[in-house]
2 protein chains.
Amino acid sequence: MESQMPRRLAAYDWDDLRFFLAVARTGTLRGGAESIQANHATVSRRLAAFENAVEARLFDRTKGGLRLTQLGEELLPHALRVEEEIAAASRVVAGRDARPAGPIYVSIPPFLALSSIVDDFAEFGRQFEDIDIHLQVSNAFADLERREADVSIRYAYEVIDDVVGRRLVRCSKAVYCSADYAVKIKDDGGDGLTWVGWNEAEGETTAPWVIKGPFPNARLRHRINEAVPQVTLAAAGAGLTYLPCFIGDRYPGLVRAPYQKPVPDRSLWLLLHSDLRKTARIRMFVDFLAHRIKSRKDEFVAGATQ
Amino acid sequence: MESQMPRRLAAYDWDDLRFFLAVARTGTLRGGAESIQANHATVSRRLAAFENAVEARLFDRTKGGLRLTQLGEELLPHALRVEEEIAAASRVVAGRDARPAGPIYVSIPPFLALSSIVDDFAEFGRQFEDIDIHLQVSNAFADLERREADVSIRYAYEVIDDVVGRRLVRCSKAVYCSADYAVKIKDDGGDGLTWVGWNEAEGETTAPWVIKGPFPNARLRHRINEAVPQVTLAAAGAGLTYLPCFIGDRYPGLVRAPYQKPVPDRSLWLLLHSDLRKTARIRMFVDFLAHRIKSRKDEFVAGATQ
DNA sequence: ACATGTTGGTTCATTTTTGAACCACTGGAA
DNA sequence: TTCCAGTGGTTCAAAAATGAACCAACATGT
């Protein structure tokens with residue numbers, strides 16, 4: 001966690017960003033100073049010190065004001081986000097979170113971006129206009145541990161971390177393929193067919209899930225360590241693939257392969273740190289999402305027949 | 001921009017977060033002090049000052065170290081994100097951005113979350129593992145102006161801001177409805193049918209786009225100021241709705257209504273501030289996305305027939 | 001031409017922050 | 001026990017940051 005941070009990070013005084021921002025906004029030293037209740041001489045010095053640390057000019061000084069340089073412009077968005085983050089922090093300490101506002105950082109694996117859950121995000125954003133949803137699309141389970149995300153949505157059998165996990169629904173999976181491909185399937189165990197699967201142990205087609213599945217004779221030819229291209233490949237007619245029903249049923253061009261039934265799969269988990277349970281907007285979001293998803297339980301659990 | 005910030009924001013010294021973080025990580029004053037090359041007395045005082053400003057304890061002092069309190073735990077993720085943001089800023093100034101890493105903030109309107117563009121995000125995240133994509137789902141065009149996002153993707157006719165806009169593709173729209181609904185449609189101008197449309201001027205069914213469209217006799221009954229529920233409503237069989245083809249063709253359960261052809265619609269724009277053109281990871285992302293989307297041009301422009 | 005109200009820059013006495021040294025205390029090892 | 005290596009807390013002289021006052025330069029309106 002430390003080694004990845006540049007050594008020079010410590011060289012900066014984070015408070016300098018506050019001065020930088022004040023000047024960037026007002027365009028003058030005096031105006032910026034007033035906006036943060038400081039002296040313009042102080043602002044000038046802090047700015048000079050910051051520029052010295054950066055070893056570059058952040059503003060062009062002109063009579064009549066300061067204008068951001070190229071580098072200053074590039075720095076501005078970062079400074080703004082720092083400010084937003086600190087504002088969110090101050091809301092936490094002030095307990096003003098009772099009136100929910102601010103950002104929520106949600107970490108999801110890429111394939112969930114193909115699910116109806118994104119609709120829920122949209123709906124939430126509509127109902128709570130003062131809350132911005134930041135989706136962090138990543139497979140890294142670690143986001144939550146490192147506390148970079150407030151909420152994490154995962155698709156897994158169990159959750160072991162020291163986080164608060166709510167199991168939303170136990171999902172089903174089924175074998176999917178393109179509509180064109182489906183007509184080629186006979187009730188013969190998958191002779192001549194192709195699997196699109198994961199990069200697992202090089203057990204050729206002897207992988208247990210192949211043998212135990214409804215199409216043991218199909219060959220595992222496409223091995224991909226990521227769900228999204230599996231979906232797109234299958235939709236393009238490359239072969240059979242196991243997908244959670246709430247993905248496969250939704251993705252255009254995919255149909256459930258005949259001669260099989262959905263089987264139980266992993267669960268959808270809503271994870272957050274126990275310390276965040278109290279903050280209003282996180283609670284709001286978690287409850288909202290849990291309610292919406294559970295109310296569409298059929299979409300995820302997908303019984304024996306569609 | 002100022003009024004929405006709490007007054008107390010100015011009361012904090014942002015640099016205190018750096019001390020807070022150092023102690024939170026190491027668990028001791030002296031360790032924290034060493035990690036940021038400061039004296040443990042200084043760390044102690046800064047921490048005390050911060051706690052004083054917050055008017056609450058952030059750590060429990062015990063012989064042998066400091067442990068975060070509830071509030072401290074809640075503050076930690078914000079402090080971590082501030083640090084990440086400052087690290088990104090320092091990468092910018094150090095020019096280390098040549099080896100792309102760090103966060104990219106992308107602002108998109110909710111309905112684009114239903115498009116294939118999310119697949120591109122997933123693919124990008126796969127190819128550049130050191131870059132995290134933060135999707136900010138929002139209709140607010142202002143995100144870019146306020147510089148809270150690095151890149152903004154919009155669906156519009158023209159772009160007027162002082163931003164660098166790349167027109168990716170000029171898209172087509174068409175009338176969509178559920179498959180069930182489609183069989184009820186005859187070549188009679190839409191008699192007895194229902195429109196799902198926007199909250200526009202209360203011109204009843206006399207809206208120009210209704211009259212000029214392929215189904216002038218259909219009634220505008222559902223008025224929604226948001227695209228996503230229009231999609232879901234139409235998919236549920238509530239009626240006809242205009243959608244960009246790259247949404248409608250993709251959404252399960254929707255089909256193009258008969259007796260009509262796609263017509264030109266707005267364009268997909270990729271927007272970013274000119275100052276960001278140089279930073280490596282942003283450039284990387286923009287080029288990647290532009291290339292991917294343009295290579296699937298047919299999906300968006302969708303000629304007269306499917 | 002001439003005030004007037006800006007701007008950023010500079011100076012210097014004052015205030016604030018800092019770090020070295022010290023203290024008291026604890027827990028484990030010798 | 002005795003010692004030692006760790007804690008966090010406190011003190012005080014030294015260092016650094018600050019703000020009021022002043023300066024020169026540039027606009028603008030009289």
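Chain identifiers are assigned alphabetically (A, B, ...) following the order of the sequence lines, protein sequences preceding nucleic acid strands; residue numbering begins at 1 within each chain.
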Using atom CZ of Arg67(A) as one end and atom C1' of dG8(C) as the other, report the distance to the nearest whole Å.
-> 14 Å
Nearest-angstrom distance from the residue atom CD1 of Ile36(B) to C1' of dG19(C) = 13 Å
Any Thr42(A) side-chain nitrogen or oxygen under 4.0 Å from OP1 or OP2 of dA17(D) | no
Taking only residues two or more places apart in sequence, or in another chain, which ones meet Asp287(B) in a salt bridge (charged side-chain N to carboxylate O under 4.0 Å, His left out)?
-> Arg166(B), Arg283(B)
Rounded distance in Å - CG (Asp15(B)) to P (dA16(D)) | 16 Å
Decide yes or no, distance alone: a donor-acceptor N/O pair under 3.5 angstrom between the base of dG19(D) and the side-chain of Arg45(A).
-> yes
Value in whole Å for how far the C1' atom of dT16(C) lies from CG of Asp16(B) = 14 Å
Grab the CD-C1' distance between Gln37(B) and dA20(C) for me, whole Å please.
-> 17 Å
Examine Arg281(B) relative to Phe128(B) and say whether NZ or CZ is less than 6.0 Å from the centre of the six-membered ring and inside a 45° cone about the ring axis.
-> no
Within the pair Ser44(B) and dG8(D), is there a side-chain N or O less than 4.0 Å away from OP1 or OP2?
-> no
Regarding the side chain of His40(B), the nearest nucleotide among dG8(C), dG19(D), dG8(D) is dG8(D)
Tell me: CG of Asp13(A) to P of dA16(D), nearest whole Å?
-> 14 Å
In whole angstrom, give the distance that lies between atom CG of Leu29(B) and atom C1' of dG9(D).
-> 9 Å
Separation of dC26(D) atom P from Leu66(A) atom CG, nearest Å, is 16 Å
Is it possible for you to check whether Arg67(B) lies under 6.0 Å from the centre of the six-membered ring of Phe59(B), through NZ or CZ, and within 45° of that ring's axis?
-> no
Heavy-atom nearest nucleotide on DNA chain C taken for Asn39(A) and for Gly65(A); more 5' hit belongs to Gly65(A)
Minimum-distance nucleotide (side-chain atoms of Ala38(B) versus dG19(C), dA20(D), dG8(D)) | dG19(C)
May I ask you to verify whether the side chain of Arg30(A) and the base of dG8(C) hold a donor-acceptor pair under 3.5 Å?
-> yes
Test item: Ser267(B) side-chain N/O and Trp269(B) main-chain N/O as donor-acceptor pair under 3.5 Å | no
Sorted by chain and residue number, the salt bridge (charged side-chain N to carboxylate O under 4.0 Å, His left out) partners of Asp15(B) (sequence neighbours excluded) come out as Arg18(B), Arg46(B)
